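Beneath this line is the structure, given in structure tokens, with notes to follow.
Bear in mind the structure is a predicted one, so any value in this text is a computation, not a measurement.
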Amino acid sequence: MINEINIKRLDELIGDFDTPFFNYLLYSYDLTLQECEEIIEKLKSDIASNKIISNNIVSTLDDYLKSKVIDLEKQEKIEFLSSLIQEDNDFYIKYLKKYDLDSEDINMIYERVESKIINDNISDFEIKRYLEYYFLNSVKQLSYINELDNIVGRNYDTLIITNLKKKYPILQDRDIVEIISNMYGEIIEAKEFKKGIKNEFKRQCMVKSENKKAQCRKKLDYFVEGSGDSFSKLIKFKRLSKDDGKIIVSEIKEDISKGLIQPESIDGVFITKRFNDYNERE
């Protein structure tokens with residue numbers, strides 16, 4: 001029922017596309033008669049098919065018109081983008097030609113900037129800025145990739161990886177592969193590495209190590225403090241004192257700080273084993 005009322009109200013507002021309200025829309029949104037007709041027909045279709053339920057048809061129509069205006073703006077910007085990367089365009093000649101990129105690289109850059117237009121409706125100034133940025137970084141990308149390839153080596157067995165795994169023993173092969181994969185992705189997304197690939201790789205290894213240690217501490221805290229009185233019961237069951245429990249927890253924390261324990265290894269079985277090991281020593 002409400003849909004029928006809305007369509008009827010819409011017909012009253014628009015008439016035969018000649019009412020004062022319709023003329024106001026044409027003037028306000030700077031749309032052509034055909035564009036307005038298409039928008040109104042789409043709105044009627046969406047109402048009839050229950051795609052939308054409107055409590056204020058004027059406000060809903062306003063939203064549809066604004067959306068159309070934004071779509072037209074984006075289309076104009078995409079056309080502007082296309083013109084900027086033409087070889088005879090003054091902007092291309094002055095700012096982009098010097099990078100001597102092939103058509104495949106230029107097409108990739110075009111798609112990135114086009115995506116920003118579609119998703120964020122960036123300004124003409126930002127379009128130019130992103131083009132310059134991506135063209136510059138496209139040249140850097142090859143250097144970045146070559147440097148990262150040298151770090152990877154034939155089988156993730158280069159000296160730098162070996163040394164970092166000694167420095168951060170909590171890092172496993174899969175962690176190194178994940179870090180490298182993420183960095184390749186960042187290179188493709190045109191991230192700039194101001195301190196170089198090698199330093200960034202070292203930094204990400206350090207961050208990954210600290211994050212895994214933090215996961216270990218969080219899991220340990222849960223078993224000690226967040227699992228009810230099970231930890232206290234385990235101390236009593238093993239005929240140990242509270243001080244013994246504190247010593248065991250302290251030893252585990254020390255091993256975590258050294259990177260000797262993986263987060264996934266910390267569970268009830270692990271805690272029980274550490275109690276057993278402590279009992280055997282004592």
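Of the inter-residue distances, the one linking I170 atom CD1 with D255 atom CG reads 11.0 Å to the nearest 0.5 angstrom. Within the model, atoms CG of L148 and OG of S181 stand 10.0 Å from one another, a figure rounded to the nearest 0.5 Å. Note that CG of D105 and CG of D100 are 10.0 Å apart. Values are rounded to the nearest 0.5 Å.
No donor-acceptor pair under 3.5 Å is formed between the side chain of E225 and the backbone N or O of Y222. No side-chain donor-acceptor contact under 3.5 Å links S209 to the backbone of C205. A donor-acceptor pair under 3.5 Å links the side-chain atoms of D102 to the main chain of E104, judged by distance alone. For Y144 (side chain) and F193 (main-chain N/O), a donor-acceptor pair under 3.5 Å exists by modelled atom type. S45 contributes no side-chain N or O that, together with a main-chain N or O of E41, makes up a donor-acceptor pair within less than 3.5 Å. The closest donor-acceptor contact from the side chain of T158 to the backbone of I151 lies under 3.5 Å. Not a single donor-acceptor pair under 3.5 Å links the side chain of D16 to the backbone N or O of D18. Side chain of N89 to backbone of F91: a donor-acceptor contact under 3.5 angstrom is found. A donor-acceptor contact shorter than 3.5 Å links the side chain of N137 to the backbone of Y133.
Annotation: Y99, atom OH; neighbour count of heavy atoms from other residues, nucleotides and ligands within 6.0 Å is above 12. Heavy-atom contacts from other residues, nucleotides or ligands closer than 6.0 Å to CZ of F80 number more than 12. Heavy-atom contacts from other residues, nucleotides or ligands closer than 6.0 Å to NZ of K74 number more than 12.
The side-chain contact (heavy atoms from CB on, under 4.5 Å) test with I261 is passed by exactly one of E254, R274, K219: R274. Of the residues E200, K202, K208, the one that meets the side-chain contact (heavy atoms from CB on, under 4.5 Å) test with Q204 is E200.
Taking the six-membered ring for Trp and thresholds of 30 and 60 degrees, F135 and Y92 have ring planes more than 60 degrees apart, a perpendicular arrangement.
The shortest distance between side-chain heavy atoms of S67 and D63 does not fall below 4.5 Å.
F275 has its ring centre less than 6.0 Å from the ring centre of F231.
Under the 6.0 Å distance and 45° angle rule, K42 does not count as a cation-pi partner of Y64. The cationic group of R112 lies under 6.0 Å from the six-membered ring centre of Y134 and within 45° of the ring axis, placing it in a cation-pi geometry.
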